[in-house]
Amino acid sequence: MIPVTKAYLPNKEKFQAYVDQIFDSGWLTNKSTLLNQLEIRLAKHLGVKNIICVANGSLALQVAYKALSLKGEVITTPFSFPATVSTQVWEGLTPVFADIDPISFNLAPENIEPLITSRTSAIVPVHVYGNPCEVDSIQAIADKYQLKVIYDAAHAFGTLIKGVEGSHQSVLKYGDISTISFHATKLFHTVEGGAIVTNDDSLANKVRLLINFGITGKSTIQSLGINAKMNEFEAAMGLCVLDEIENISDMRSKVWQKYQHGLNDVVEMQAWHPGSSNNCAYAPVLLKSEQQLLELVDKLNHIGVSPRRYFYPSLDTLDFLPNASIGSKDGWHNDQKALCTVSNDIARRILCLPIYPDIDDQIVDLIIATIRKNTQLGKEE
Ligand SMILES: *Cc1c(COP(=O)(O)O)cnc(C)c1O
């Protein structure tokens, strides 16, 4: 089966050399050589002030909420991977779902303000598939109501956005904190891993304390903490993958362009934030109906291709999120599911196509041909 994504494996000898280094030192984890190197190189590569690597993208979110002392309600998007919201519930927060924009698939700023109450402490948007949110509008709302902004930037490695002065900079610079995932399936990876990015030095220090049990010295424990550390083997993988990141991005971009040229007249594509770069982390296509999608998945499975319904279902429909609410000005609607109609509609029709650096060109052609055939049949009916 051709999977939707495949972990990028770097040069084995290079990784082996790092492993030899780890064996020689006998130091496997706890803020060591390779992790330090990785953080320095990542900060430089991304052009961000503070980047703190952690064990995974979910812990990055949890630590971010803790570092910013969030409480009560958090306004967030239902169109995401479950981790965006499950981490909120895990931290005792109440997610309040605001609906998304139908063409960018990101949290729509105009849907945020009506949901703000005296209990709201933060906004947690997602740069969906790496596509930057309306960061300036979201910050303006946050400033007006004194709310924190935490971007789940799990998909946004390497995405650049045009700043006010016109120059391009990493989208990770926005919000009080941006979090990212370095899971094996993500564009840049450390097997398992993630990071917390912030411009605020004192917040960065607080995060470093939080991810190591709150320990400050051999016999001092300053505050509550958790174990969210990245180990040396993961840092070694990160250093190897980072060496090849330009190549990875170029190869992904070629596949993405091929889908774009081959399919843009038969399916809808995500509207990308103007003036920002596409990191080609995902290749989502929006079908006409769920019926068309299901038929297409069937056809693709038949030729050995396994696309993924990502994100599906819309998170506002999940019954097991005990605190989850769909907010409105007049109160709560725990019983009324699926109020985020745009998110539910997009979730039913979105399909992520296989995209990874060494995918066979002929497979991509075959996927395009299959989609063209199936969607055109759909049109005639
Ligand atoms: C992958 C992902 C996460 C979680 O990251 P992990 O490293 O797998 O814990 C969170 N949010 C989004 C949007 C993701 O895609």
Side-chain angles (χ1 to χ4, degrees), residues 5-46 48 50-67 81 83 86-87 90-91 152-158 172 177-198 203-218 220-245 248:
T5 185
K6 222 166 96 180
Y8 184 82
L9 286 169
N11 180 288
K12 199 170 166 184
E13 284 70 39
K14 192 184 269 182
F15 186 71
Q16 184 67 50
Y18 282 121
V19 171
D20 290 346
Q21 210 177 309
I22 297 169
F23 272 67
D24 288 345
S25 72
W27 199 277
L28 311 187
T29 188
N30 280 64
K31 194 71 187 152
S32 192
T33 324
L34 300 182
L35 180 57
N36 282 328
Q37 280 178 32
L38 181 64
E39 287 187 349
I40 291 165
R41 282 190 56 195
L42 281 173
K44 197 163 164 233
H45 177 82
L46 297 166
V48 297
N50 299 290
I51 181 160
I52 300 123
C53 290
V54 293
N56 58 60
S58 303
L59 271 167
L61 283 165
Q62 282 170 249
V63 170
Y65 307 147
K66 271 282 192 302
F81 188 65
S86 56
T87 51
W90 205 275
E91 290 299 324
D152 179 348
H155 301 170
F157 190 92
L172 299 169
I177 287 179
S178 287
T179 65
I180 189 158
S181 166
F182 299 154
H183 182 258
T185 55
K186 303 292 205 278
L187 191 148
F188 167 80
H189 80 91
T190 60
V191 187
E192 291 275 1
I196 290 170
V197 176
T198 178
L203 196 55
N205 288 336
K206 191 170 178 190
V207 166
R208 290 201 184 279
L209 205 60
L210 283 174
I211 66 168
N212 190 31
F213 312 101
I215 294 173
T216 44
K218 283 212 166 69
T220 45
I221 305 157
Q222 190 178 307
S223 66
L224 188 71
I226 190 89
N227 180 6
K229 299 187 302 295
M230 177 180 281
N231 68 51
E232 289 287 279
F233 292 88
E234 290 168 331
M237 180 60 83
L239 287 166
C240 293
V241 177
L242 194 56
D243 279 343
E244 293 171 43
I245 199 75
I248 292 172

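Predicted model, so just to flag it, every value in this text is computed and none were measured.
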Would you name the heavy atoms of [X] and [Y] that are closest together and state the gap between them?
X    : Y    : answer
F213 : I221 : O-CG2, 3.8 Å
A236 : L34  : CB-CD1, 4.0 Å
L209 : S223 : CD2-OG, 3.6 Å
A67  : V207 : CB-CG2, 3.9 Å
A64  : I177 : CB-CG2, 3.8 Å
G193 : M230 : CA-CE, 4.0 Å

Worksheet item: So, N227 versus K229: side-chain donor-acceptor pair below 3.5 Å or not?
Response: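 Checked: N227/K229 side chains pair up, N/O donor to acceptor below 3.5 Å.
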Worksheet item: With a 3.5 Å cut-off and no angle check, do the side chains of Y18 and E232 form a donor-acceptor pair?
Response: no
I need the [X] [atom1] to [Y] [atom2] distance, nearest 0.5 Å.
X    : Y    : atom1 : atom2 : value
K44  : L242 : NZ    : CG    : 10.5 Å
R41  : L46  : CZ    : CG    : 11.5 Å
K66  : I211 : NZ    : CD1   : 15.0 Å
T198 : N50  : OG1   : CG    : 6.5 Å
I22  : W27  : CD1   : CH2   : 13.5 Å
I248 : Y8   : CD1   : OH    : 5.0 Å

Worksheet entry | Partners passing side chain to side chain contact (heavy atoms under 4.5 Å, CB included) against I40 (at least two apart in sequence or in another chain) | none
Discussion item. Which residues pass the side chain to side chain contact (heavy atoms under 4.5 Å, CB included) test with I226, not counting sequence neighbours?
Written reply: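 Once residues adjacent in sequence are excluded, the partners of I226 under the side chain to side chain contact (heavy atoms under 4.5 Å, CB included) criterion are V63, A228.
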Item to complete: Flag the pair L28 / F23 as yes when at least one side-chain heavy-atom distance between them is below 4.5 Å, and no otherwise.
Response: no
Discussion item. Going by salt bridge (Lys or Arg N to Asp or Glu O under 4.0 Å), name the pairs with one or both residues in residues 13-23, residues two or more places apart or in two chains.
Written reply: K14-D243
Could you give the side-chain donor-acceptor pairs of residues 52-62 under 3.5 Å, partners two or more places apart or in another chain?
| residue | atom | partner | partner atom | Å |
| --- | --- | --- | --- | --- |
| N56 | OD1 | S58 | N | 3.0 |
| N56 | OD1 | L59 | N | 2.7 |
| Q62 | NE2 | E91 | OE2 | 3.1 |

So does [Y] get a backbone contact from the side chain of [X], meaning a donor-acceptor N/O pair under 3.5 Å?
X    : Y    : value
E234 : N231 : yes
S178 : L172 : yes
T220 : G217 : yes

Worksheet item: Does any pair with a residue in residues 184-196 pass side-chain hydrogen bond (donor to acceptor under 3.5 Å, both in side chains), and if so which ones, sequence neighbours excluded?
Response: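 Pairs touching residues 184-196 that pass the test: H183-T185.
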Practice prompt. Evaluate the ring planes of F182 and F188, with Trp represented by its six-membered ring, and classify them as parallel (under 30°), tilted (30 to 60°) or perpendicular (over 60°).
Written response: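 Perpendicular, since the angle between the ring planes exceeds 60°.
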Discussion item. Under the rule for salt bridge (Lys or Arg N to Asp or Glu O under 4.0 Å), what residues qualify as partners of E39, not counting sequence neighbours?
Written reply: K31, R208
